[in-house]
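One structure below.
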Amino acid sequence: MAKEYNFREIEQKWHELWVKNKTYHVTEDPKRQKFYVLNMFPYPSGAGLHVGHPLGYIASDIYARFKRQQGFNVLNPMGYDSYGLPAEQYAIQTGQHPEKTTFQNIDRYREQLDKIGFCFDWDREVRTCAPGYYKWTQWAFQKMYGSFFCNKCQQARPIAELVSHLEVHGTEGLDVAQSEDLTFTAEEWKSWDETRQSEVLMNYRLAFLGETMVNWCPKLGTVLANDEVVEGVSVRGGYPVEQKKMRQWCLRVSAYAQRLLDGLDTIQWSESIKETQRNWIGRSEGTEVQFRIADTDEEFTIFTTRADTMFGVTFMVLAPESELVAKVTTAGQKQEVEAYLTYVKGRTERERQIDHKITGVFSGSYAINPFTGERNPIWISEYVLAGYGTGAIMAVPAHDSRDYAFAKHFGLPIVPLIEGADVSEESYDAKEGIVCNSPAAGKTPYCDLSLNGLTVKEAIAATKKYVSEHGLGRVKVNYRLRDAIFSRQRYWGEPFPVYYRHGIPQMVPEECLPVELPHVESFLPTETGEPPLGNAQVWAWDEASRKIVDKSLIDEKTVFPLELYTMPGFAGSSAYYLRYMDPHNDKALVSREADEYWQNVDLYVGGSEHATGHLIYSRFWNKFLFDLGVSCKEEPFQKLVNQGMIQGRSNFVYRIKDTNTFVSLGLKDQYETTPIHVDVNIVRADVLDVEAFKAWRPEYASAEFILEDGKYVCGWAIEKMSKSMFNVVNPDMIVERYGADTLRLYEMFLGPVEQSKPWDTNGIDGCHRFLKKFWQLFWDKDGNLQVTDGEPTPDNLKTLHKLIKKVTSDIETFSYNTSISAFMVATTELTQQQCRSRQVMEQMVILIAPFAPHIAEELWQVMGHETTVCDAPWPECNEQYLVESTVRLGVQFNGKVKFSMEFPVDAAPQQMVEQVMQAPEAEKYLKNMQVVKTIAVPGRIVNIVVKPV
RNA sequence: GCGCUUGUGGUGGAAUUGGUAGACACGCCAGACUUAGGAUCUGGUGCCUUCGGGCGUGUAAGUUCGAGUCUUAUCAGGCGUACCA
């Protein structure tokens, strides 16, 4: 009897041994070079892992194992992003504490992950909801609170430095990131009381309380970040979101806009993610120009990237939310303006996004164009956004499509400024062409600038220069990136280490951290509308005892109320990669030694859906920690690989209308049928398991079937993997049926890691078959190990080294699917070659170890090794075995090889050519032909190219 | 609209620098062994064909002795983003 490939036994055995031997435990080892592999840690949802989750984990696991075999000291940790909305929503529905369900889910995830055979160092596991972990989230927040951002040195600095500056110079000479451009003197600063000073400092802190427009989701009872809202509804739950002004904790992410942009050039991420981030940051270089409101001394500022169009301005537009609206509205227009503002307020964010209706109202006032002295009417319209630039624009309808539509709608003049631009039908938005229609120099009393004859680019530069020189405005860089709103009105999140003394926020002393999440009875907002933490009884800070005490003790003398908000999801996930380096340290987020050893993540694997969320926030967070000197690298993730999404492949059965009879796919067109989703787990290779189907639902127990070729064939479609479509495939089932090694191989064989693809079990047998063949390579008919110490043949060596070369280069480029193909070919070749050589067989085991670690360990052991295959050094390819022994020489005409002959590789080219030309078979191809040239490609084909005489 | 990205058999997907397109796998066909097969093994499988050959990498042109690969135009799908001045 041949030795059977008993994957269940093998895999279980090795899981136990890996745990027992701490095979995957890593420690800092200065003698070895480090390599840090990281997966985006999962949120442990109640549904458990589906086959899409492990895709990235398997890909990075292969890479981590490969790097380890290459001699690197590899850190490959795993943990859980365990704060979040779903657990809390579930808690509200069922009354179960989110911690309980979260821990249950974590256990289930762990169980599922362990089955797949990852080389995670579980001693380094982190959970964002563990106090020992979120202590450092709170700590970083406090550090941000205690910092401001200096624009000149492009760096975070301690707030005390700013205070000293204010005490001496006021805001004079200040160039810092700020919410509002405040101006005050040192005397004024010193004259203010603590409350006022505290308010003013909020304008500069990196973590600050700010009155901002937020995305308020009434259904979830919380605010959401911009990236948590898509098309006006919440990402979680899909509930409507409205705009509301609230006082919230914010992070001044915008201060780092330029560094976030510049950093992109130093990291190896896909161009599309970098481009997404560039767009999200939205740097735009332009000019701010001041316009005076006619008949007043009031001025306002607009932002434009098209300074060259100053002479084409025909009206001005303000955002409805702009504070200027009240100032410019004349008595005569008051009623109309107010009606319009009411209309705009009634429109949801979603409506504004979906239909771009042209609406607006004239304010009654005019603005003076500083270049022409013309009076331009000031309009108010929702197409101008309060949050970008200055919330006011100069409208140039000839060269901006939105202004054009507005001008056409309200009958405002359109003045073209570029030679040959036809603006009768649409605006000419392109930034190219020759400028015309600007007044000749010195012809207007207002301005001696003439742009005629310049290109648009030159005209922009000239206008910028003119504006700055004449004090009409200044050159300005704007960013679209907004500050992150950092508080949530939820329970299941990190509490803020903040209390309020007479309404002024105070930080809980650093040495008292963490401020632990209190117990509550209800996870809903309180009756007075406070967030759920308002339900906590023991939730006040005693300055005297430096402890959290009962709320009833609040006396506003030494006992004060604690913050009721919690932190958002991205708080805990922003610096977790640093914590893995030193997860049990209670003195620091990460020790200097650990940080300097592991540096940053060499390979980060995760979904691209985090492009504008986590991947921006954690870059920001790390840059801040870099400024603080905590992290020695400015960019957290050196290389990023985005694994594609695994879509579901749904199966359908076809019920004949008004019957309980189901017809197979090929015959369904003969009947009137309704397709019904059927659980993919009772379908194999699109063939329905009829008995399982009958047992699936009571109403199908009596179902009848019209079969084709004795089978019921199901239809299929690619859809999102979801419970409701019955297309969720659980990895446990695959592991149960085929083993973890097959699952690993198959997930990689499915296609390139970075590509989205549907889950489809149709090909899984091929991978399983391969592993069986690979296993059989090592055993004879009687089940004995068949390896000898004999010398390998040249064929054996060629097969082996071809494989080494292919797999080594494939792993570096994540082309695992072609590596697996190469293994299949090599296995077939070695089987045919009757390879028995220990030398070759051992190397085969080493090569397959990253892909199929269980089978590799088992074979490694039966071949007599006592060490783990994980530490077996990766083989080097010896090119000398790959040299081709023959070349083919052919005659090529019209791009086709018509005839060819084989020669030894070292044959003299001239002789080969002669021999081919003289070959009888070649004659008909050479008749009336002339030789154009001969082409030699080493190791490949050598051709004689001919064409008609 | 803008940005990124992808188009190759019945299917998933291969193809170094431009060099025999379709590796490998699924599926399908034929055969072997089986009481049976959702097991195993062997062979075949791009399309058309009058069996000479012809056509083939979304479409159309171009460069080249030679193009899936380079250039230009165009079409289609996917992802992201959106009154950003």
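When reading the values below, keep in mind they use all heavy atoms of this one structure, side chains included, and skip hydrogens, waters and symmetry mates. Convention: sequence-line order gives letters A, B, ...; per-chain numbering from 1.
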Just to be sure I understand the rule, does A/Lys805 reach a base, reach only the sugar-phosphate, or reach nothing, if contact means heavy atoms closer than 4.0 Å? nothing
In whole Å, measure the gap between the P atoms of B/A25 and B/A32 for me. 24 Å
Determine the Euclidean distance between corresponding C1' atoms of B/C84 and B/U57; express it in Å to zero decimal places. 41 Å
Please determine, for the side chain of A/Thr818, which listed nucleotide (B/A14, B/C41, B/C83) has the closest atom? B/A14
So, is B/G78 syn or anti if syn means the angle is within 90° of 0? anti
From the candidates B/C24, B/A85, B/U40, the one with an atom nearest any side-chain atom of A/Met824 is B/C24
If you look at every strand shown and take non-hydrogen atoms under 4.0 Å, does A/Leu750 touch a base, only sugar-phosphate, or nothing? sugar-phosphate
Choose from B/U81, B/C4, B/A85 the nucleotide whose nearest atom is closest to any side-chain atom of A/Thr612. B/U81
Taking the six-membered ring for Trp and the single ring otherwise, decide whether the centroids of A/Phe7 and A/His768 are under 6.0 Å apart. yes
If only side-chain N and O atoms of A/Tyr383 are considered, is one of them under 4.0 Å from the OP1 or OP2 phosphate oxygen of B/A85? no
Which is more 5' along RNA chain B, the nucleotide nearest A/Arg402 or the one nearest A/Ser272? Just name the residue. A/Ser272
Between B/G7 and B/U69, how far apart are the P atoms? Round to whole Å, please. 11 Å
Side-chain N or O of A/Gln755 versus OP1/OP2 of B/G13: is the shortest distance under 4.0 Å? yes
Results of ring-ring contact (aromatic ring centres under 6.0 Å, His included) for A/Phe410 - residues two or more places apart only: A/Trp379, A/Phe406
Need one value for A/Ser821: base, sugar-phosphate or nothing, where a base atom within 4.0 Å counts as base even if backbone is also close, heavy atoms only. base
In terms of base orientation, is B/G52 syn or anti, with the syn window spanning 90° either side of 0? syn
For B/C26, take OP1 and OP2 only and decide whether either is under 4.0 Å from a side-chain N or O of A/Arg769. yes
Would you say the side chain of A/Glu285 lies within less than 4.5 Å of the side chain of A/Thr305, judging by non-hydrogen atoms? no
Check whether the side chains of A/Ser608 and A/Asn642 place a donor and an acceptor atom closer than 3.5 Å, and report yes or no. no
At 4.0 Å (heavy atoms only), tell me whether A/Val317 reaches a base, stays on the sugar-phosphate, or touches nothing. nothing
Is it the case that the side chains of A/Asp429 and A/Tyr404 hold a donor-acceptor pair, with the cut-off being a distance below 3.5 Å and no angle test? no
What does A/Glu275 touch in the nucleic acid at a heavy-atom separation under 4.0 angstrom: a base, only the sugar-phosphate, or nothing? sugar-phosphate
Between B/C26 and B/G19, how far is it from one C1' atom to the other, in whole Å? 30 Å
A/His768 NE2 to B/G38 P, in whole Å, measures 16 Å
Could you work out which one of B/U40, B/G13, B/U81 sits closest to the side chain of A/Lys757? B/G13
Can you tell me the distance, in whole Å, between the CD atom of A/Gln832 and the P atom of B/G43? 8 Å
Could you go step by step and tell me if A/Trp280 and A/Tyr479 meet the ring pair (Phe, Tyr, Trp, His ring centres under 6.0 Å) rule? CA-CA 9 Å; A/Trp280 191 259; A/Tyr479 299 91; over 10 Å; no
What distance, rounded to whole Å, do you find between the two C1' atoms, one in B/A21 and one in B/U8? 8 Å
Could you work out which one of B/U81, B/A85, B/G3 sits closest to the side chain of A/Trp280? B/U81
Mind checking the C1' distance from B/A15 to B/U34? Whole angstroms is fine. 40 Å
By nearest nucleotide on RNA chain B, pick out whichever of A/Asp760 and A/Gly282 is the more 5' one. A/Asp760
So which nucleotide from B/G13, B/C83, B/A25 ends up closest to the side chain of A/Pro752? B/G13
Taking the side chain as everything from C-beta on, heavy atoms only, tell me whether A/Leu264 gets closer than 4.5 Å to A/Arg619. yes
Under 4.5 Å between any side-chain heavy atoms of A/Glu829 and A/Lys802, yes or no? yes
Rounded to whole Å, how long is the line connecting atom NE2 of A/His610 with atom C1' of B/C79? 16 Å
Could you run through RNA chain B and flag its stems, i.e. three or more consecutive Watson-Crick or G-U pairs with both distances under 3.5 Å? B:1-7 with B:75-81, B:10-12 with B:24-26, B:27-32 with B:40-45, B:46-48 with B:53-55, B:58-62 with B:70-74
Side-chain donor-acceptor contact under 3.5 Å, A/Tyr388 with A/Ser284: yes
Which nucleotide, B/U40, B/U81, B/A25, lies nearest any side-chain atom of A/Phe749? B/A25
Main chain of A/Ala852, side chain of A/Arg744: is a donor-acceptor contact present, judged purely on distance under 3.5 Å? no
Report yes if at least one side-chain N or O of A/Asn817 is closer than 4.0 Å to OP1 or OP2 of B/A14; otherwise report no. yes
Does a side-chain N or O of A/Lys806 approach OP1 or OP2 of B/U16 to a distance below 4.0 Å, or not? no
Could you tell me how far B/G56 sits from B/G62 if I compare only their P atoms? Round to whole Å. 14 Å
Rounded to whole Å, how long is the line connecting atom CG of A/Leu481 with atom C1' of B/U81? 14 Å
Between B/G12 and B/C28, how far apart are the C1' atoms? Round to whole Å, please. 15 Å
